[in-house]
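Before any comments, here is the structure.
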Amino acid sequence: MADNEFIIYTDGACSGNPGPGGWGAVIKHGDKVQEISGRADETTNQRMELQAAVEALRYIPPGSRVKLYSDSAYLVNCFNQGWMKRWLRNGWRNSKGNQVENQDLWKQLLELSEKTIIEWIKVKGHSSDQLNERCDRLAREAIDGSGENIAGEDSLLVDNDWSSSSLMKSVPKVRRLGVLTGGGDCPGLNAVIRAVVKGAGYNYDIETVGFNNGFKGLVENDAAVIDDYRVSGILNRGGTILGTSNRDNPFDFRPGGSDYLETGKDRSADAVANLKKWEIECLVVIGGDGSLLLAHRFSKLGVPIIGIPKTIDNDLPATDVTFGFDSAVTTATEAIDKIHTTAESHHRVMVVEVMGRHAGWIALQAGMAGGGDIILIPELPFEYPYIVEKIMERRLRGKKFSIIVVAEGAYPAGEEPIYQQKGAVKRLGGIGPMVSREIEKRTDLESRATVLGHLQRGGSPTSYDRILATRFGVRAVELFQAGCFNKMVCLRGNHIESVSLEEAVKGTKQVDPNSELVRAALAVGTSFGCPL
Ligand code: F6P
């Protein structure tokens with residue numbers, strides 16, 4: 001332990017709430033240990049928890065590094081989850097708009113904590129942790145006055161036999177996992193975060209530290225411990241509680257993200273240093289191909305990594321399915337169902353552009369589920385005469401409308417996919433409106449295009465994605481516990497397995513034009529806008 005490092009355990013107790021209260025703290029500095037405690041006549045449990053932390057922090061020289069362990073989730077969350085910042089902004093009002101209780105103590109705590117580099121750590125109740133139990137006893141002894149170390153003695157930390165006893169040695173080292181979500185978001189990210197946090201905490205007493213906004217948070221050390229409370233109620237929520245970014249590359253880091261043209265800096269060393277600061281044993285990266293490639297680079301720098309595949313595009317070759325895909329297909333299918341009714345009313349050719357980058361999975365599956373008449377995917381460059389032929393054939397059969405589902409990466413044979421450019425970054429998109437314009441030119445029919453865009457990435461995950469995400473998260477923790485690093489969890493058949501990161505980042509999984517899936521679509525009369 002370095003000279004400026006301190007460990008503090010605190011606890012409060014009350015005989016009746018409110019009632020006479022006591023607080024206790026154990027402060028450890030190298031081999032020296034000090035126990036302090038105190039009593040108050042009429043107080044509450046929360047007040048005593050706060051008092052314990054305030055009194056203990058008074059012993060700490062400014063600039064020291066402190067690990068403060070408490071079993072009060074409220075106290076720890078206040079600092080780790082930014083509640084304090086929110087209260088400050090809102091004039092010491094909580095999320096319900098009420099004045100925060102015990103402001104006097106919170107303010108002292110804030111002031112004291114700002115003088116040190118402090119890490120707030122939640123421990124389980126006193127029964128599972130001997131130092132916490134010791135603090136609890138100190139607090140209870142203080143209530144009835146039987147304690148020996150009553151506050152007010154502001155002695156310096158003293159040598160104490162007890163410090164070298166088995167009690168000190170039995171303090172368990174907190175094991176930590178880091179987690180971040182990188183790349184474009186997708187439904188199911190929260191379900192994985194929840195599975196990692198709960199799987200690690202419940203089964204192995206492992207703490208999870210979440211880095212905010214993907215690799216940006218890792219570079220800038222924007223992180224906090226994620227406790228059980230924070231992952232409660234998020235299973236069905238879209239997005240990611242950690243935030244994400246598909247523009248921040250630690251090896252080419254630009255303050256404004258990759259969209260900006262200026263040259264980036266290699267900040268990977270900062271990222272690694274931040275992992276060390278948090279004493280993180282392994283980083284769980286939840287991401288698509290871009291984030292997993294970065295994760296792979298970090299593994300080469302010696303960072304133990306476990307990858308979890310996510311993307312609505314389903315284009316990662318090492319897993320049969322990525323979570324997020326099923327939800328995107330469900331959203332796109334619902335949209336196609338709706339487009340169907342208006343297409344029919346107006347006798348129009350409706351073109352629906354879906355995402356998927358250079359893979360046609362979303363277009364193919366949503367197109368099949370939504371009864372698209374023509375499905376255009378990047379794996380099968382299309383030709384306009386085949387599209388027009390299909391529309392006309394339908395017309396002859398009395399079907400005055402048609403639905404075309406086009407993947408954003410699809411393109412006419414002999415041409416290139418269409419991109420939109422912003423700054424230094426090119427993103428796919430625009431083929432839907434182009435196909436629609438071309439149909440109006442080549443036929444006497446009216447056509448409209450709808451680009452579904454980010455709708456496909458939003459909203460609640462389907463039950464399939466929630467379950468897959470949970471299985472992936474749990475397996476990632478199991479791999480960590482087993483010491484199997486630099487792997488990505490994956491789905492093979494109906495089994496959760498793992499592959500090396502090396503394997504995981506190879507290539508793109510595209511639709512096989514000869515697959516049973518494509519043949520099934522052809523068998524029910526779907527056209528792919530090309531000879532098949
Ligand atoms: O990879 C997911 C994805 O939604 C692609 O389907 C799409 O091409 C891309 O991300 C869009 O990225 P952005 O959110 O940066 O516009």
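We count residues from 1, following the sequence as given. We count ligands from 1, going down the list as the structure has it; atoms in each ligand are counted the same way. It should be emphasised that the depicted structure is a prediction, and the values quoted were computed from it without experimental measurement.
Ring centroids of Phe325 and Phe323 are separated by 6.0 Å or more, keeping the two rings apart.
In this structure, Arg297 is positioned above the aromatic face of Phe251, its NZ or CZ under 6.0 Å from the six-membered ring centre and within 45° of the axis. For the pair Lys265 and Phe253, the cation-pi test (distance below 6.0 Å, angle within 45°) is failed.
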Audit row: Trp278, Asn221, side-chain hydrogen bond (donor to acceptor under 3.5 Å, both in side chains) steps and yes/no: CA-CA 9 Å; Trp278 282 95; Asn221 198 19; 2.8 Å; yes

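For ligand 1, the protein residues within 4.0 angstrom (heavy atoms only) are Asn246, Ile312, Asp313, Met355, Gly356, Arg357, Glu408, Arg427, His454, Arg457.
One side chain, Thr462 or Asp326, offers a donor N or O that lies under 3.5 Å from an acceptor on the other.
When atom types are taken as modelled, the side chain of Asn213 and the backbone of Gly243 share no donor-acceptor pair closer than 3.5 angstrom.
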